[in-house]
Amino acid sequence: MPAKQIAILGSGIFATEAHLPAIAALGDAVQLKAVYSRSNKSAAGFARDAQAILKLAHALDVYHDEDPAASLDVLLARPDIDAVIVVLPITVQPAIILKALAAGKHVLSEKPVAPNVSQGRALIKEYEAKHKPRGLVWRVAENFEAEPGYRVARRVIEDGKIGKVAFYNARVVNYVDETSKWYNTPWRTVPQYQGGFLLDGGVHTVASLRMVLPSALKTVSAFASLAKDILPPHDTINAIVQNADGSHGLVELSWGAPTASRAALAGNNLTVTGTDGWLEITRADGVMRIAVRTVTRDAHGKPTGEAEEVHEEREVGIEREIAGFLRATDGDDDGVDAPRSTLIDVAFIQAALNSAGAPVDLVELAKV
């Protein structure tokens, strides 16, 4: 099929450091034609980076809010642009998503699906009522959903290698200070949305649980707090979760580590324990490692010890999610990054932030 011609809306760190290399890896399947940012300086800088990374003969067309002749509306009116990737601040994205869909463009928007459940629900309803019937595709770029490593872990569980899932643990502890490039993004420094880094980054962990566990997240009971004054409104969640099949787990999310060593030595991982074994997922240097330990038994079924197998998968979620999105625009939809699925991730964070120890029904909260 001919290459899809796309534009990127947003020119920040993640657009440059994550999306551009992923687009480069896709080769001739896609042509990046234009960039939009609120400022001409930012958009032009991204265009230069794109030309170098993608080895383009000509710079991208640049659009921004400083000139009506080069506005976002002008970009979206271009008939040669098939789709847009939206990599803008969380609070800005819903309106831009709808604007792009109304202009007839397919949309891949960065996670989370929306700043809160009510906005996400409204977005999904409008998309499904007005734009999906026109054949337009909207996907949410939750790269953890597309990571091969989590799919390997899911297959291990589905194949029965660890028996019936009984319980699980997910731990993410991060260190952020005033020198962090992420902290110094203005919309993250003073977040105008619930949870701060917990929403921005925590949805990844929830997505990984969705991908790995065989049963849906059902109920969460949690406490949220602020451990580090520079990261309001909250930077830490400790949650107890029950799944539809009765399994349960502990989820620890924090961006409030007081020192770098607290994060480095936290043992960030995802473990799933079953009746016949357990698995551990760790991430380092762009590689996901899935260690599976299973009970070994003699001819009479008596436990004799344990066996280990290890799988390693390179982290290519962003590349895979873009490729899957492009295929979906051609009618080959694998269901990855569907907005309804990613709404559960926002519902989890929202529930945990407001639970104060009381159980919250995630299924009901995320209902569209």
Side-chain angles (χ1 to χ4, degrees), residues 14 86-87 89-91 93-94 97 107-125 127 138-147 149-151 153-154 168 170-172 174 188 191 193-222 224 234-244 249-255 268 270 281 283 317-318 320-321 324-325 335-355 360-368:
F14 202 69
V86 184
V87 196
I90 290 172
T91 55
Q93 291 207 148
I97 291 167
V107 177
L108 177 65
S109 61
E110 261 301 328
K111 56 76 200 164
V113 61
N116 54 57
V117 172
S118 62
Q119 283 186 270
R121 184 183 296 116
L123 266 177
I124 292 168
K125 284 184 174 180
Y127 165 66
W138 171 37
R139 291 292 175 267
V140 178
E142 174 45 75
N143 55 294
F144 276 35
E145 192 168 335
E147 284 294 352
Y150 292 125
R151 295 174 177 273
R154 177 66 171 257
Y168 54 90
R171 177 186 297 117
V172 175
N174 286 311
R188 290 189 178 97
Y193 50 88
Q194 62 178 341
F197 276 88
L198 288 167
L199 179 64
D200 191 24
V203 290
H204 283 315
T205 300
V206 185
S208 70
L209 293 172
R210 282 196 293 107
M211 293 309 300
V212 172
L213 297 172
S215 176
L217 306 173
K218 181 181 178 183
T219 306
V220 62
S221 175
H234 302 89
D235 60 20
T236 300
I237 285 172
N238 285 278
I240 301 172
V241 190
Q242 185 179 51
N243 291 52
L250 300 174
V251 177
E252 176 186 1
L253 302 172
S254 183
W255 274 256
N268 290 344
L270 169 58
I281 304 171
R283 302 171 58 224
I318 299 167
R320 293 287 179 89
E321 73 187 2
F325 165 68
V336 173
D337 290 340
R340 281 179 177 256
S341 297
T342 59
L343 185 62
I344 297 167
D345 307 338
V346 175
F348 183 102
I349 299 300
Q350 183 168 313
L353 290 172
N354 294 283
S355 162
V360 179
D361 186 332
L362 290 175
V363 177
E364 186 64 28
L365 181 60
K367 188 177 293 183
V368 177

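All values reported here derive from a predicted model rather than from experimental measurement. Note that these values count all heavy atoms, side chains included, but never hydrogens, waters or copies made by symmetry.
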> For Lys125, which residues count as a salt bridge (Lys or Arg N to Asp or Glu O under 4.0 Å) partner, sequence neighbours excluded?
Replying inline: none
>> Could you check whether atom CD1 of Ile240 has more than 12 heavy atoms from other residues, nucleotides or ligands sitting under 6.0 Å from it?
In response: no
>> Could you tell me if the side chain of Pro115 sits less than 4.5 Å from the side chain of Gln194, heavy atoms only?
In response: no
> Which residue pairs satisfy the salt bridge (charged side-chain N to carboxylate O under 4.0 Å, His left out) criterion with at least one member in residues 342-354, sequence neighbours excluded?
Replying inline: Arg210-Asp345
> At what distance, to the nearest 0.5 angstrom, does NZ of Lys367 lie from CG of Asp361?
Replying inline: 8.0 Å
> How far does CG of Asp337 sit from CZ of Phe325, to the nearest 0.5 angstrom?
Replying inline: 10.5 Å
> Could you state the interatomic distance from CG (Leu353) to CD1 (Ile237), rounded to the nearest 0.5 Å?
Replying inline: 4.5 Å
Side-chain donor/acceptor pairs under 3.5 Å, residues 195-202, sequence neighbours excluded:
residue, atom, partner, partner atom, Å
Asp200, OD1, Lys111, NZ, 2.8
Asp200, OD2, Arg188, NE, 2.7
Asp200, OD2, Arg188, NH2, 3.3

> Under 4.5 Å between any side-chain heavy atoms of Asn243 and Tyr168, yes or no?
Replying inline: yes
> Are the side chain of Ser355 and the backbone of Ala222 linked by a donor-acceptor contact shorter than 3.5 Å?
Replying inline: yes
> Do Glu110 and Gln93 have a side chain donor and acceptor closer than 3.5 Å?
Replying inline: no
> Would a 4.5 Å heavy-atom cut-off, applied to side chains only, mark Val86 and Val107 as touching?
Replying inline: yes
> Any idea which heavy atoms bring Ser118 and Asn116 closest together, and the distance?
Replying inline: OG-OD1, 2.8 Å
>> According to ring pair (Phe, Tyr, Trp, His ring centres under 6.0 Å), who are the partners of Phe144, at least two apart in sequence or on a separate chain?
In response: Tyr150, His204
>> Tell me if a side-chain donor or acceptor on Arg154 pairs with a main-chain N or O of Leu213 at a distance below 3.5 Å.
In response: yes
> In chain order, what residues pass the side-chain contact (heavy atoms from CB on, under 4.5 Å) check against Ala153, with sequence neighbours excluded?
Replying inline: Val212, Leu279, Ile281, Ile290
> What pairs with Arg151 under salt bridge (Lys or Arg N to Asp or Glu O under 4.0 Å), at least two apart in sequence or on another chain?
Replying inline: none
